[in-house]
*Asks:* 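Structure in structure tokens, see below.
The structure presented is a predicted model; accordingly, all values stated were derived computationally and were not measured. Residue numbers start at 1 and run along the sequence shown.
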Amino acid sequence: MNCEKCNNHPATTHIKRFAGGVAEEFHLCAACAKASGLLSPDGGFNLGDLFGGLLGNSVSQQPAVAQSPRCAACGLSLQEIAQSGRMGCAACYDTFSAQIAPTLQRIHSSVQHSGKTPEDGNPALRERRERESTLTQLREQIAHAVREENYEQAAKLRDEIRALEQGGGDDA
């Protein structure tokens, strides 16, 4: 199949876009894909533009707000993130979680990170992350126990939480 734009070279970039319930397909050669901004200058796929485009679609579907919220840490708005295709900082994920979660779910099939982390090579950081995860689970369990009026279980969980917070580890 030849490039739809120049019709001179074989199509190596194939794009399927859904807009308004209609599917569109584009088949471009590397040169035409690069010229149209779909590929980065080194010839790789431009994921920033892809994410910006995907997020831009969901942003454009949001009702217009006179003054859009901004990230407290870096000051970026959701519209600026959609335009650049890049978050300004880690706090942007928390600030705009409701708006970006559907896009992340669509791209990655999950909104929970499941790959490597910086803690993988550092046992102390990994241990801290595991302790924080355990604390989160225990807090959810204590809330459930209180809702169920199981106060004995809630007291045991409270003691476990205190022990972990004080660095007692698994001694509880």
*Asks:* Test Asn2 against His27 for side chain to side chain contact (heavy atoms under 4.5 Å, CB included), laying out the working first.
*Replies:* CA-CA 8 Å; Asn2 279 345; His27 306 281; over 6 Å; no
*Asks:* Rounded to the nearest 0.5 Å, how far apart are SG of Cys29 and NZ of Lys5?
*Replies:* 9.0 Å
*Asks:* Is it true that, when you exclude Glu127 itself, more than 12 heavy atoms of the residues, nucleotides or ligands shown sit nearer than 6.0 Å to its CD?
*Replies:* no
*Asks:* The test is side chain to side chain contact (heavy atoms under 4.5 Å, CB included); show your working for Arg158 and Ile142 and say whether it passes.
*Replies:* CA-CA 7 Å; Arg158 179 203 58 213; Ile142 199 170; 3.8 Å; yes
*Asks:* Which heavy atom of Pro102 sits nearest to which heavy atom of Ala98, and what is that distance?
*Replies:* CD-O, 3.5 Å
*Asks:* Side chain to side chain contact (heavy atoms under 4.5 Å, CB included) between Leu78 and Thr95: does it pass, once the steps are laid out?
*Replies:* CA-CA 9 Å; Leu78 186 59; Thr95 304; over 6 Å; no
*Asks:* Are the side chains of Leu135 and Glu165 in touch, meaning some heavy atoms are under 4.5 Å apart?
*Replies:* yes
*Asks:* Under the salt bridge (Lys or Arg N to Asp or Glu O under 4.0 Å) rule, what pairs show up with a residue in residues 95-105, not counting sequence neighbours?
*Replies:* none
*Asks:* Compare all side-chain heavy atoms of Asn8 with those of Cys3 and state whether any distance is below 4.5 angstrom.
*Replies:* no
*Asks:* For a 4.5 angstrom cut-off between non-hydrogen side-chain atoms, does Arg139 reach Ile161?
*Replies:* yes
*Asks:* Can you get from Leu157 to Val146 by hopping between Ile, Leu, Val, Met, Phe, Trp and Tyr side chains that sit under 4.5 Å apart?
*Replies:* no
*Asks:* Would you say that Cys74 contacts Cys92 through its side chain, given a criterion of any heavy-atom pair below 4.5 Å between the two side chains?
*Replies:* yes
*Asks:* To the nearest 0.5 Å, how far apart are OG in Ser133 and CZ in Arg128?
*Replies:* 13.0 Å
*Asks:* Is it possible for you to say whether Ile81 and Tyr93 belong to one hydrophobic cluster, with membership spreading through side-chain heavy-atom contacts below 4.5 Å?
*Replies:* yes
*Asks:* Would a 4.5 Å heavy-atom cut-off, applied to side chains only, mark Pro69 and Ser77 as touching?
*Replies:* no
*Asks:* Can you check whether Glu160 reaches Thr134 side chain to side chain, under 4.5 Å on heavy atoms?
*Replies:* no
*Asks:* Mind checking whether His144 and Arg147 have side chains closer than 4.5 Å, heavy atoms only?
*Replies:* yes
*Asks:* Taking 4.0 angstrom as the limit, do Arg70 and Glu80 come out as a salt bridge?
*Replies:* yes
*Asks:* Glu140 side chain to Gln137 main-chain N or O, any donor-acceptor pair under 3.5 Å?
*Replies:* no
*Asks:* Given the rule in the salt bridge (charged side-chain N to carboxylate O under 4.0 Å, His left out) test, do Lys156 and Glu152 qualify, once you have shown the distances and angles that lead to the verdict?
*Replies:* CA-CA 6 Å; Lys156 289 177 185 176; Glu152 280 185 39; 5.2 Å; no
*Asks:* Do Thr12 and Leu28 have side chains that get closer than 4.5 Å, going by heavy atoms?
*Replies:* no
